[in-house]
Colleague: 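The structure follows.
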Amino acid sequence: MERHIAMELARITEAAALEAACWTGRGDKHSADEAATMTIRRMFHSVDMDGTVVIGEGEMDEAPMLYIGEKVGSRRGPKIDIAVDPLEGTETVANGLNNAISVIAAAPEGNLLHAPDMYMAKLAVGPGLAGRLSLNDHISVTLAKASEILQKQLSEMTVSILDRLRHREMISALRDAGVRIKLLGHGDVMGAIEAAVESEVDMYVGSGGAPEGVLAAAALKCLGGEMQGRLIPDTTEEYERCIGMGMKDPLKLLTMDDMVGQGNVLFVATGVTQGDLLNGVRYLSNRRAETHSVIMHSLNRTVSYLRTIHHLSGAKIGNIAEAAM
Ligand code: VTB
(Lines give C-alpha, C1' and ligand atoms only; values in the text may rest on other atoms or scores of the structure.)
Protein backbone atom coordinates (compact mmCIF):
# COMPACT_ATOMS: atom_id res chain seq x y z
CA MET A 1 0.00 0.00 0.00
CA GLU A 2 1.34 3.37 -0.91
CA ARG A 3 2.98 5.39 1.79
CA HIS A 4 1.43 8.72 0.81
CA ILE A 5 -2.01 7.30 1.58
CA ALA A 6 -1.12 7.31 5.27
CA MET A 7 -0.43 11.04 5.18
CA GLU A 8 -3.65 11.63 3.28
CA LEU A 9 -5.59 9.66 5.87
CA ALA A 10 -3.95 11.61 8.69
CA ARG A 11 -4.99 14.86 6.99
CA ILE A 12 -8.53 13.51 7.12
CA THR A 13 -8.51 12.49 10.79
CA GLU A 14 -6.98 15.88 11.60
CA ALA A 15 -9.88 17.64 9.91
CA ALA A 16 -12.42 15.40 11.64
CA ALA A 17 -10.79 16.03 15.01
CA LEU A 18 -10.94 19.79 14.44
CA GLU A 19 -14.65 19.55 13.66
CA ALA A 20 -15.48 17.24 16.56
CA ALA A 21 -13.42 19.16 19.11
CA CYS A 22 -15.74 22.16 18.76
CA TRP A 23 -18.37 20.06 20.53
CA THR A 24 -16.24 19.31 23.59
CA GLY A 25 -18.29 19.33 26.76
CA ARG A 26 -21.43 20.61 25.07
CA GLY A 27 -23.48 17.53 25.94
CA ASP A 28 -24.32 16.74 22.33
CA LYS A 29 -22.67 13.51 21.21
CA HIS A 30 -24.72 13.27 18.02
CA SER A 31 -23.52 16.61 16.67
CA ALA A 32 -19.94 15.77 17.57
CA ASP A 33 -20.18 12.46 15.75
CA GLU A 34 -21.98 13.95 12.78
CA ALA A 35 -19.39 16.71 12.38
CA ALA A 36 -16.55 14.18 12.31
CA THR A 37 -18.39 11.74 10.05
CA MET A 38 -19.38 14.35 7.47
CA THR A 39 -15.85 15.68 7.32
CA ILE A 40 -14.28 12.28 6.79
CA ARG A 41 -16.76 11.32 4.15
CA ARG A 42 -16.28 14.58 2.26
CA MET A 43 -12.50 14.36 2.38
CA PHE A 44 -12.19 10.69 1.43
CA HIS A 45 -13.04 11.62 -2.17
CA SER A 46 -9.75 13.44 -2.56
CA VAL A 47 -7.63 10.36 -1.78
CA ASP A 48 -6.32 8.35 -4.71
CA MET A 49 -7.52 4.93 -3.64
CA ASP A 50 -10.27 2.53 -4.48
CA GLY A 51 -11.53 2.05 -0.94
CA THR A 52 -14.37 0.09 0.58
CA VAL A 53 -15.62 0.73 4.10
CA VAL A 54 -15.57 -2.59 5.98
CA ILE A 55 -15.97 -1.03 9.41
CA GLY A 56 -17.84 2.24 9.59
CA GLU A 57 -20.92 3.85 11.00
CA GLY A 58 -23.19 0.82 10.51
CA GLU A 59 -25.12 -1.16 7.93
CA MET A 60 -26.35 0.64 4.81
CA ASP A 61 -29.97 0.84 6.02
CA GLU A 62 -29.03 2.47 9.33
CA ALA A 63 -26.12 4.74 8.40
CA PRO A 64 -26.32 7.26 5.58
CA MET A 65 -22.62 7.97 5.68
CA LEU A 66 -19.61 5.65 5.86
CA TYR A 67 -21.82 2.60 5.86
CA ILE A 68 -20.37 -0.87 5.45
CA GLY A 69 -19.72 -1.50 1.78
CA GLU A 70 -19.62 2.20 0.83
CA LYS A 71 -17.02 2.98 -1.80
CA VAL A 72 -14.65 5.76 -0.80
CA GLY A 73 -11.73 7.49 -2.50
CA SER A 74 -11.24 8.71 -6.06
CA ARG A 75 -11.47 5.09 -7.31
CA ARG A 76 -8.02 5.50 -8.81
CA GLY A 77 -5.23 3.69 -7.03
CA PRO A 78 -5.00 0.57 -4.90
CA LYS A 79 -7.99 -1.44 -3.73
CA ILE A 80 -8.15 -0.90 0.00
CA ASP A 81 -10.28 -1.98 2.96
CA ILE A 82 -11.08 0.91 5.27
CA ALA A 83 -12.01 0.71 8.94
CA VAL A 84 -13.08 4.07 10.27
CA ASP A 85 -14.42 5.48 13.50
CA PRO A 86 -14.80 9.20 12.84
CA LEU A 87 -15.17 9.81 16.56
CA GLU A 88 -14.16 7.04 18.95
CA GLY A 89 -15.60 8.36 22.20
CA THR A 90 -18.67 10.39 21.30
CA GLU A 91 -19.76 10.58 24.95
CA THR A 92 -16.24 11.43 25.94
CA VAL A 93 -16.36 14.53 23.76
CA ALA A 94 -19.90 15.39 24.82
CA ASN A 95 -18.75 15.32 28.45
CA GLY A 96 -15.39 17.00 27.84
CA LEU A 97 -13.43 13.97 29.07
CA ASN A 98 -10.08 12.54 27.98
CA ASN A 99 -9.04 10.15 25.20
CA ALA A 100 -11.44 10.75 22.31
CA ILE A 101 -9.84 10.21 18.90
CA SER A 102 -10.67 10.16 15.23
CA VAL A 103 -9.28 6.98 13.70
CA ILE A 104 -8.83 5.17 10.38
CA ALA A 105 -7.13 1.86 9.58
CA ALA A 106 -6.46 0.61 6.05
CA ALA A 107 -5.22 -2.61 4.49
CA PRO A 108 -5.19 -4.19 1.04
CA GLU A 109 -8.62 -5.41 -0.02
CA GLY A 110 -9.87 -8.51 1.78
CA ASN A 111 -7.62 -8.15 4.83
CA LEU A 112 -9.72 -6.38 7.46
CA LEU A 113 -12.37 -8.40 9.29
CA HIS A 114 -15.86 -7.14 8.65
CA ALA A 115 -16.67 -7.13 12.37
CA PRO A 116 -20.34 -7.04 13.29
CA ASP A 117 -21.58 -4.40 15.71
CA MET A 118 -21.54 -6.45 18.90
CA TYR A 119 -19.21 -7.04 21.82
CA MET A 120 -15.89 -8.80 21.48
CA ALA A 121 -13.84 -10.28 24.31
CA LYS A 122 -10.31 -8.91 23.94
CA LEU A 123 -6.80 -9.47 25.15
CA ALA A 124 -4.25 -6.91 23.99
CA VAL A 125 -0.56 -6.92 24.82
CA GLY A 126 2.72 -5.38 23.70
CA PRO A 127 5.71 -7.01 21.99
CA GLY A 128 7.00 -8.60 25.22
CA LEU A 129 3.88 -10.71 25.61
CA ALA A 130 2.82 -11.09 21.96
CA GLY A 131 2.31 -14.75 21.04
CA ARG A 132 2.77 -15.88 24.63
CA LEU A 133 -0.75 -15.68 26.12
CA SER A 134 -4.19 -17.02 25.27
CA LEU A 135 -7.65 -15.54 25.56
CA ASN A 136 -8.78 -19.12 26.33
CA ASP A 137 -7.04 -19.04 29.71
CA HIS A 138 -8.70 -17.78 32.85
CA ILE A 139 -7.55 -14.26 33.69
CA SER A 140 -5.67 -15.53 36.77
CA VAL A 141 -3.61 -17.89 34.56
CA THR A 142 -2.96 -15.10 32.03
CA LEU A 143 -1.71 -12.79 34.77
CA ALA A 144 0.56 -15.45 36.25
CA LYS A 145 2.07 -16.20 32.82
CA ALA A 146 2.54 -12.49 32.06
CA SER A 147 4.20 -11.85 35.40
CA GLU A 148 6.64 -14.69 34.75
CA ILE A 149 7.44 -13.61 31.18
CA LEU A 150 7.84 -9.92 32.02
CA GLN A 151 9.69 -10.68 35.24
CA LYS A 152 7.39 -8.31 37.07
CA GLN A 153 5.54 -8.99 40.29
CA LEU A 154 1.76 -8.93 39.97
CA SER A 155 1.68 -5.81 42.14
CA GLU A 156 3.95 -4.12 39.58
CA MET A 157 1.73 -4.89 36.63
CA THR A 158 -1.07 -2.67 35.32
CA VAL A 159 -4.10 -4.01 33.50
CA SER A 160 -6.66 -1.78 31.84
CA ILE A 161 -10.33 -2.64 31.38
CA LEU A 162 -13.53 -0.75 30.58
CA ASP A 163 -15.35 0.20 33.78
CA ARG A 164 -18.59 -1.68 33.13
CA LEU A 165 -20.98 -3.78 35.23
CA ARG A 166 -20.44 -6.72 32.89
CA HIS A 167 -16.80 -6.76 34.03
CA ARG A 168 -17.62 -7.08 37.72
CA GLU A 169 -16.23 -10.60 37.99
CA MET A 170 -13.14 -9.89 35.95
CA ILE A 171 -12.37 -6.77 37.94
CA SER A 172 -12.65 -8.73 41.20
CA ALA A 173 -10.33 -11.38 39.76
CA LEU A 174 -7.83 -8.63 38.91
CA ARG A 175 -8.16 -7.23 42.42
CA ASP A 176 -7.72 -10.68 43.95
CA ALA A 177 -4.55 -11.13 41.91
CA GLY A 178 -3.23 -7.83 43.26
CA VAL A 179 -2.45 -6.07 39.97
CA ARG A 180 -2.87 -2.36 39.46
CA ILE A 181 -5.99 -1.59 37.45
CA LYS A 182 -6.70 1.24 35.06
CA LEU A 183 -10.48 1.58 34.69
CA LEU A 184 -11.45 3.16 31.39
CA GLY A 185 -14.59 5.23 30.98
CA HIS A 186 -14.65 4.78 27.20
CA GLY A 187 -12.20 4.40 24.37
CA ASP A 188 -10.89 0.87 24.21
CA VAL A 189 -9.03 1.45 20.93
CA MET A 190 -6.57 3.67 22.78
CA GLY A 191 -6.93 1.44 25.83
CA ALA A 192 -5.64 -1.55 23.86
CA ILE A 193 -2.91 0.47 22.13
CA GLU A 194 -1.58 1.67 25.47
CA ALA A 195 -0.67 -1.94 26.29
CA ALA A 196 1.78 -1.94 23.38
CA VAL A 197 3.51 1.43 23.75
CA GLU A 198 5.84 2.74 26.45
CA SER A 199 3.29 3.21 29.21
CA GLU A 200 2.45 1.80 32.60
CA VAL A 201 -0.17 -0.53 31.06
CA ASP A 202 0.94 -4.13 30.48
CA MET A 203 -2.31 -5.62 29.22
CA TYR A 204 -5.81 -4.66 28.13
CA VAL A 205 -8.61 -7.14 28.89
CA GLY A 206 -12.40 -7.34 28.85
CA SER A 207 -15.05 -6.82 26.24
CA GLY A 208 -15.68 -3.81 24.05
CA GLY A 209 -17.03 -3.13 20.59
CA ALA A 210 -15.94 -5.63 17.93
CA PRO A 211 -15.30 -2.91 15.31
CA GLU A 212 -13.05 -1.12 17.82
CA GLY A 213 -11.27 -4.45 18.29
CA VAL A 214 -10.28 -4.58 14.62
CA LEU A 215 -9.12 -0.96 14.69
CA ALA A 216 -6.97 -1.67 17.73
CA ALA A 217 -5.62 -4.87 16.14
CA ALA A 218 -4.40 -2.81 13.17
CA ALA A 219 -2.42 -0.55 15.49
CA LEU A 220 -1.10 -3.45 17.53
CA LYS A 221 0.21 -5.12 14.39
CA CYS A 222 2.22 -1.97 13.61
CA LEU A 223 3.50 -1.90 17.19
CA GLY A 224 4.54 -5.54 17.28
CA GLY A 225 1.88 -6.27 19.88
CA GLU A 226 -1.01 -8.67 19.72
CA MET A 227 -4.76 -8.64 20.04
CA GLN A 228 -6.85 -11.78 20.43
CA GLY A 229 -10.61 -11.53 20.23
CA ARG A 230 -13.77 -13.53 20.40
CA LEU A 231 -17.17 -12.23 19.31
CA ILE A 232 -19.91 -12.30 21.92
CA PRO A 233 -23.19 -12.71 20.08
CA ASP A 234 -25.67 -12.10 22.92
CA THR A 235 -28.80 -13.24 21.12
CA THR A 236 -29.74 -15.82 18.48
CA GLU A 237 -30.28 -12.92 16.10
CA GLU A 238 -26.70 -11.71 16.66
CA TYR A 239 -25.40 -15.26 16.20
CA GLU A 240 -27.35 -15.61 12.95
CA ARG A 241 -26.00 -12.25 11.79
CA CYS A 242 -22.45 -13.60 12.14
CA ILE A 243 -23.37 -16.70 10.15
CA GLY A 244 -25.01 -14.49 7.54
CA MET A 245 -21.75 -12.55 7.27
CA GLY A 246 -19.99 -15.75 6.29
CA MET A 247 -18.45 -16.75 9.63
CA LYS A 248 -18.37 -20.52 9.96
CA ASP A 249 -17.84 -20.41 13.71
CA PRO A 250 -18.83 -17.06 15.25
CA LEU A 251 -17.35 -18.10 18.61
CA LYS A 252 -13.90 -18.91 17.24
CA LEU A 253 -10.87 -17.27 18.80
CA LEU A 254 -9.85 -14.49 16.42
CA THR A 255 -6.14 -14.06 15.80
CA MET A 256 -4.32 -11.07 14.37
CA ASP A 257 -4.43 -12.69 10.93
CA ASP A 258 -8.19 -13.16 11.24
CA MET A 259 -8.69 -9.50 12.11
CA VAL A 260 -6.14 -7.63 10.02
CA GLY A 261 -4.79 -10.18 7.55
CA GLN A 262 -1.20 -10.74 6.54
CA GLY A 263 -0.58 -7.71 4.34
CA ASN A 264 0.62 -4.24 5.19
CA VAL A 265 -1.65 -2.26 7.51
CA LEU A 266 -1.88 1.47 8.12
CA PHE A 267 -3.29 3.07 11.23
CA VAL A 268 -3.81 6.78 11.77
CA ALA A 269 -5.44 8.58 14.67
CA THR A 270 -5.77 12.20 15.75
CA GLY A 271 -6.55 13.27 19.31
CA VAL A 272 -9.83 15.10 19.76
CA THR A 273 -9.73 15.57 23.52
CA GLN A 274 -6.54 15.32 25.57
CA GLY A 275 -5.32 11.75 25.80
CA ASP A 276 -2.65 9.54 27.29
CA LEU A 277 -0.93 8.99 23.95
CA LEU A 278 -2.12 11.94 21.86
CA ASN A 279 -2.79 15.53 22.77
CA GLY A 280 -6.25 16.76 21.95
CA VAL A 281 -7.07 19.67 19.65
CA ARG A 282 -5.77 22.95 21.07
CA TYR A 283 -7.10 26.24 19.83
CA LEU A 284 -4.41 28.86 19.62
CA SER A 285 -4.54 32.62 19.17
CA ASN A 286 -5.18 34.21 15.77
CA ARG A 287 -7.51 31.50 14.57
CA ARG A 288 -5.00 28.72 14.64
CA ALA A 289 -5.38 25.24 16.06
CA GLU A 290 -2.94 22.46 16.84
CA THR A 291 -3.59 18.76 16.27
CA HIS A 292 -1.57 15.75 17.33
CA SER A 293 -1.70 12.49 15.38
CA VAL A 294 -0.01 9.15 15.18
CA ILE A 295 0.71 7.38 11.88
CA MET A 296 1.70 3.73 11.95
CA HIS A 297 2.74 1.29 9.20
CA SER A 298 3.05 -2.40 9.84
CA LEU A 299 5.51 -2.98 6.99
CA ASN A 300 8.54 -1.56 8.78
CA ARG A 301 6.75 -1.13 12.10
CA THR A 302 7.20 2.64 11.90
CA VAL A 303 5.34 4.87 14.31
CA SER A 304 5.41 8.60 13.57
CA TYR A 305 3.85 11.45 15.48
CA LEU A 306 2.57 14.45 13.61
CA ARG A 307 1.97 17.84 15.20
CA THR A 308 0.20 20.22 12.84
CA ILE A 309 -0.70 23.87 13.17
CA HIS A 310 -3.82 24.66 11.18
CA HIS A 311 -4.95 28.09 10.09
CA LEU A 312 -8.68 28.11 10.50
CA SER A 313 -10.70 29.98 7.96
CA GLY A 314 -14.33 30.47 7.07
CA ALA A 315 -17.33 31.21 9.24
CA LYS A 316 -18.09 28.94 12.09
CA ILE A 317 -21.43 27.32 11.46
CA GLY A 318 -22.64 26.00 14.79
CA ASN A 319 -19.00 26.17 15.75
CA ILE A 320 -17.86 23.93 12.96
CA ALA A 321 -14.45 25.17 11.97
CA GLU A 322 -13.23 24.80 8.44
CA ALA A 323 -9.54 24.18 8.41
CA ALA A 324 -7.39 25.35 5.53
CA MET A 325 -4.63 22.78 5.26
C1 VTB B 1 -15.92 0.49 23.65
C2 VTB B 1 -15.26 1.84 23.56
C3 VTB B 1 -16.12 2.90 23.00
O4 VTB B 1 -18.03 1.59 23.54
O5 VTB B 1 -15.86 -0.22 22.47
C6 VTB B 1 -17.32 0.60 24.22
O7 VTB B 1 -14.11 1.79 22.77
C8 VTB B 1 -18.10 -0.67 24.26
O9 VTB B 1 -19.46 -0.46 24.52
O10 VTB B 1 -15.50 4.17 23.17
P11 VTB B 1 -20.10 -0.12 25.96
O12 VTB B 1 -19.97 1.37 26.15
O13 VTB B 1 -21.53 -0.60 25.84
O14 VTB B 1 -19.34 -0.86 26.99
C15 VTB B 1 -17.48 2.88 23.65
O16 VTB B 1 -17.36 3.21 25.02
C17 VTB B 1 -18.36 3.88 22.92
O18 VTB B 1 -19.56 3.99 23.58
Side-chain angles (χ1 to χ4, degrees), residues 13 16-17 20-21 23-25 27-37 40 55-58 62-63 66 68 83-105 112-124 135 159-171 181-197 201 203-220 225 227-235 238 254 259 267 269-278 280 294:
T13 54
W23 295 94
T24 302
D28 184 354
K29 64 179 187 176
H30 296 294
S31 295
D33 196 34
E34 189 179 60
T37 306
I40 290 200
I55 286 178
E57 291 293 278
E62 66 196 27
L66 301 179
I68 294 158
V84 52
D85 195 346
L87 183 54
E88 151 66 339
T90 51
E91 281 205 25
T92 311
V93 171
N95 295 322
L97 301 174
N98 282 3
N99 276 319
I101 55 171
S102 178
V103 54
I104 302 175
L112 296 183
L113 178 75
H114 174 171
D117 193 10
M118 60 183 65
Y119 288 124
M120 177 191 271
K122 307 177 189 178
L123 171 64
L135 187 59
V159 178
S160 70
I161 182 167
L162 280 167
D163 188 8
R164 297 291 186 276
L165 266 181
R166 64 177 183 274
H167 289 148
R168 211 170 13 199
E169 273 177 30
M170 197 177 276
I171 292 171
I181 305 170
K182 180 170 177 178
L183 291 173
L184 306 173
H186 289 281
D188 75 339
V189 175
M190 271 304 169
I193 291 174
E194 252 203 302
V197 294
V201 178
M203 189 187 296
Y204 168 79
V205 298
S207 61
E212 285 90 343
V214 174
L215 280 163
L220 287 164
M227 159 83 89
Q228 293 176 29
R230 180 179 286 107
L231 293 172
I232 311 178
D234 269 338
T235 57
E238 286 192 350
L254 298 167
M259 289 187 273
F267 176 92
T270 302
V272 178
T273 57
Q274 187 60 25
D276 296 319
L277 188 66
L278 294 173
V294 64

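Read the numbers this way: they start at 1 and go in the same order the structure lists the ligands and their atoms. Numbers here are sequence positions counted from 1.
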Colleague: Find all atoms of ligand 1 within a distance of less than 4.0 Å from any non-hydrogen atom belonging to Arg164, and give their numbers and elements.
Modeller: 11 (P), 12 (O), 14 (O), 16 (O)
Colleague: How many angstroms lie between atom OG1 of Thr13 and atom CD of Glu88, to the nearest 0.5 angstrom?
Modeller: 13.5 Å
Colleague: Test the Arg166-Tyr119 pair against the cation-pi criterion, namely NZ or CZ under 6.0 angstrom from the six-membered ring centroid and within 45° of the ring axis.
Modeller: yes
Colleague: Could you find the nearest protein heavy atom to atom 16 (O) of ligand 1 and give me its residue, atom name and distance?
Modeller: His186 ND1, 2.6 Å
Colleague: Side chain or backbone of Arg166 under 4.0 Å from ligand 1, or both, or neither, by non-hydrogen atoms?
Modeller: side chain
Colleague: Starting from the C-alpha separation in whole Å, work towards a yes-or-no answer on side-chain contact (heavy atoms from CB on, under 4.5 Å) for Asp85 and Glu212.
Modeller: CA-CA 8 Å; Asp85 195 346; Glu212 285 90 343; 4.1 Å; yes
Colleague: Give yes if a backbone or side-chain nitrogen or oxygen of Gly187 is under 3.5 Å from a nitrogen or oxygen of ligand 1, and no if not.
Modeller: yes
Colleague: So that I can tick it off, tell me whether Lys182 and Glu194 are bridged by a salt bridge, with the cut-off set at under 4.0 angstrom between side-chain N and carboxylate O.
Modeller: yes
Colleague: Could you tell me if any non-hydrogen atom of Glu88 lies under 4.0 Å from any atom of ligand 1?
Modeller: yes
Colleague: For ligand 1, does Leu162 get within less than 4.0 Å through its side chain, its backbone, both, or neither, judged by non-hydrogen atoms?
Modeller: side chain
Colleague: Please could you name the atoms of ligand 1 that Gly209 approaches to less than 4.0 Å, counting only its heavy atoms?
Modeller: 1 (C), 5 (O), 8 (C)
Colleague: Of the protein's non-hydrogen atoms, which lies at the shortest distance from atom 4 (O) of ligand 1, and what is that distance?
Modeller: Glu212 OE2, 4.4 Å
Colleague: Using a 4.0 Å cutoff against the non-hydrogen atoms of Tyr119, which atoms of ligand 1 qualify?
Modeller: 8 (C), 9 (O), 11 (P), 13 (O), 14 (O)
Colleague: Could you walk me through whether Asn98 and Asp276 pass the side-chain contact (heavy atoms from CB on, under 4.5 Å) test, one step at a time?
Modeller: CA-CA 8 Å; Asn98 282 3; Asp276 296 319; 5.5 Å; no
Colleague: Students should be able to answer this: which protein heavy-atom is nearest to atom 1 (C) of ligand 1, and at what distance?
Modeller: Asp188 OD1, 3.4 Å
Colleague: Which distance, rounded to the nearest 0.5 Å, do you find between the CZ of Phe267 and the CG of Leu215?
Modeller: 6.5 Å
Colleague: For Leu184 and Met190, what are the C-alpha separation, side-chain angles and deciding distance, and is it a side-chain contact (heavy atoms from CB on, under 4.5 Å)?
Modeller: CA-CA 10 Å; Leu184 306 173; Met190 271 304 169; over 6 Å; no
